[in-house]
Peer 1: 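Could you have a look at this structure, given as structure tokens, before my questions?
Nothing here was measured: the structure is a model prediction, and the numbers come from that model. By convention here, the first residue in the shown sequence is residue 1.
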Amino acid sequence: MPSSQISLDRAYLTAIWLETLFYGINLLLFFSYLFIVRYKRRISLSKIIIGVAVMMFLFSTVHVSLGFYRLIEGFIVLKDPIVFFSDVSIPANVAKVTIHTVNSILGDSIMVWRCYNVWGQSWLPSILPILLIIASAVCGFGQAVIFAEARTTHSAFGSNLERWNGSLFSLSLATNVVVTSLIASRIWWVSRQNSSLHDSSFKYRRVLLLVIESGAIYSSALVIEITLYFLNNNAFYIIYDPIAQLTAIVPTMIIVMTSLDLTSAALDSEEQRTTRHRTIESRPHFAAAGRGTDTFSSIMSSFPDSEDRVREQATDIYLGSNQKESAKVVI
């Protein structure tokens, strides 16, 4: 083993510590989501989406529990963690791999659902991501079968496992890069159409929403994971186990943002309203002579988006039909 290579027992211990940290975030986010669904949501979500969020959290809980079980078995019960963690065919490890695959499929499906909505509920941009998810599912469940039968293999980097692992990780990365690009490009395009209304106070919020909504965080983690795997570095495990929580965290964040109507589309609408309001406030208001005209100007300044027909009716009420031609009101 190269001197720069981290030992398997240290890598696994660090991985479980990080996964526990991410599980805490996942736990907080999930119960916040339940609270939002019950009391605070602004738009309705289908029961399928809610069910998927619950399933992802449950699978994440089982995954981190199995990690603790393997930690106790390797360090305390058997007291030979390197040998124990090297055996990929142990049922607890096979179960973890299977759960990881299922959560990845569910999380990627949420991303495709978001892509479908961002693109105006058009399935055309989502066809390729859906095909990639199906391919990932085949490789993922195939990987679990190979792991269960690899009783003589003592490394996840074994030649008989590398094809399945490499294919799974590459397909998962491709899925997220494609979906992230589709969502980010659509958000960018829509924002660009309203560039004349953009206000600097919204810039950082838009960037943050873009990163979260497009799932760029998850895609970045996958890039690191696949790089370390093909380098045959045990640090791969430090990324692999926490990603099992990210597969639930990122989609749940997207669902929460959608429930609260905090997507980039909503931000653009808010920005347009704010900019329009500031533009209207900056316009000069000239009052015509007469008390009635002052009252009319005051009323109309409270309704800056009223149409000419409304202004004409208001003039009739406050000035009278005979005085209408003498009033000059500019809003």
Side-chain angles (χ1 to χ4, degrees), residues 29 33 36-37 41-50 52-53 56 103-137 170-224 226 243 246-276:
L29 186 63
Y33 168 67
I36 290 169
V37 168
R41 69 177 175 184
R42 298 179 182 176
I43 63 175
S44 60
L45 293 176
S46 68
K47 293 182 179 180
I48 295 177
I49 298 299
I50 297 175
V52 168
M56 286 192 300
N103 244 13
S104 295
I105 294 171
L106 294 175
D108 290 345
S109 299
I110 292 294
M111 296 293 294
V112 172
W113 166 78
R114 186 60 195 145
C115 180
Y116 164 77
N117 283 280
V118 166
W119 280 86
Q121 297 187 341
S122 171
W123 284 110
L124 186 60
S126 303
I127 293 177
L128 179 58
I130 290 174
L131 294 176
L132 289 172
I133 290 176
I134 294 173
S136 297
S170 299
L171 284 169
S172 183
L173 177 61
T175 303
N176 280 273
V177 168
V178 169
V179 176
T180 297
S181 300
L182 286 170
I183 295 176
S185 61
R186 179 63 175 176
I187 294 173
W188 173 82
W189 176 255
V190 172
S191 298
R192 187 173 179 270
Q193 300 306 302
N194 302 317
S195 59
S196 61
L197 297 176
H198 284 175
D199 192 295
S200 59
S201 62
F202 289 88
K203 286 183 179 179
Y204 295 108
R205 291 174 61 189
R206 180 178 293 104
V207 171
L208 179 61
L209 288 179
L210 176 61
V211 170
I212 296 175
E213 191 175 353
S214 64
I217 299 173
Y218 184 41
S219 299
S220 301
L222 285 173
V223 170
I224 299 174
I226 197 171
I243 280 183
L246 275 180
T247 55
I249 290 174
V250 174
T252 304
M253 289 174 68
I254 293 174
I255 294 174
V256 168
M257 289 169 58
T258 305
S259 300
L260 293 176
D261 200 21
L262 294 176
T263 60
S264 57
L267 179 61
D268 281 332
S269 298
E270 178 189 350
E271 182 179 3
Q272 291 176 34
R273 288 193 301 269
T274 301
T275 305
R276 185 167 57 247

Peer 1: Quick one: does Ser220's side chain get under 4.5 Å of Ile224's, heavy atoms only?
Peer 2: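 SC-SC contact between Ser220 and Ile224 ruled out.
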Peer 1: How many angstroms lie between atom CG of Leu246 and atom CE of Met253, to the nearest 0.5 angstrom?
Peer 2: 9.5 Å
Peer 1: Would you name the heavy atoms of Leu182 and Pro125 that are closest together and state the gap between them?
Peer 2: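 Distance-wise, the nearest heavy atoms are CD1-O, 3.1 Å.
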Peer 1: State, with a plain yes or no, whether a side-chain heavy atom of Pro251 is found less than 4.5 Å away from one of Met56.
Peer 2: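 Yes. Closest side-chain heavy atoms under 4.5 Å.
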Peer 1: Determine the minimum heavy-atom distance between Ala53 and Tyr33, stating which atoms define it.
Peer 2: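 Smallest interatomic distance, heavy atoms only, reads CB-CE2, 3.8 Å.
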Peer 1: Could you tell me whether a side-chain N or O of Trp119 sits under 3.5 Å from a main-chain N or O of Leu124, the two making a donor and an acceptor?
Peer 2: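 No.
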Peer 1: Should Pro129 and Asp108 count as side-chain neighbours, where that means a heavy-atom distance under 4.5 Å?
Peer 2: no
Peer 1: Answer whether the closest heavy-atom distance between the side chains of Leu29 and Ile249 falls below 4.5 Å.
Peer 2: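 Contact flag for Leu29/Ile249 side chains = yes.
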Peer 1: Within the structure provided, determine whether Met111 and Ile183 are in side-chain contact (heavy-atom separation under 4.5 Å).
Peer 2: yes
Peer 1: What I'd like to find out is whether the side chain of Thr247 reaches to under 4.5 Å of the side chain of Leu106, using heavy atoms alone.
Peer 2: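 No, their side chains stay 4.5 Å or more apart.
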Peer 1: Take Thr180 and Tyr218 through the test side-chain contact (heavy atoms from CB on, under 4.5 Å) and record every step on the way to the result.
Peer 2: CA-CA 10 Å; Thr180 297; Tyr218 184 41; over 6 Å; no
Peer 1: In Å, rounded to the nearest 0.5 Å, how long is the span from CD1 of Ile134 to CG of Leu171?
Peer 2: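 Between Ile134 CD1 and Leu171 CG, I get 11.5 Å after rounding to 0.5 Å.
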Peer 1: Which one of Ser170, Ser219, Ser136 satisfies the side chain to side chain contact (heavy atoms under 4.5 Å, CB included) criterion with Thr175?
Peer 2: Ser136
Peer 1: From Ile127 CD1 over to Ser122 OG, what is the distance, rounded to the nearest 0.5 angstrom?
Peer 2: 8.0 Å
Peer 1: Distance check, rounded to the nearest 0.5 Å: Ile133 atom CD1 versus Ile105 atom CD1?
Peer 2: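 One gets 8.5 Å once the value is rounded to the nearest 0.5 Å.
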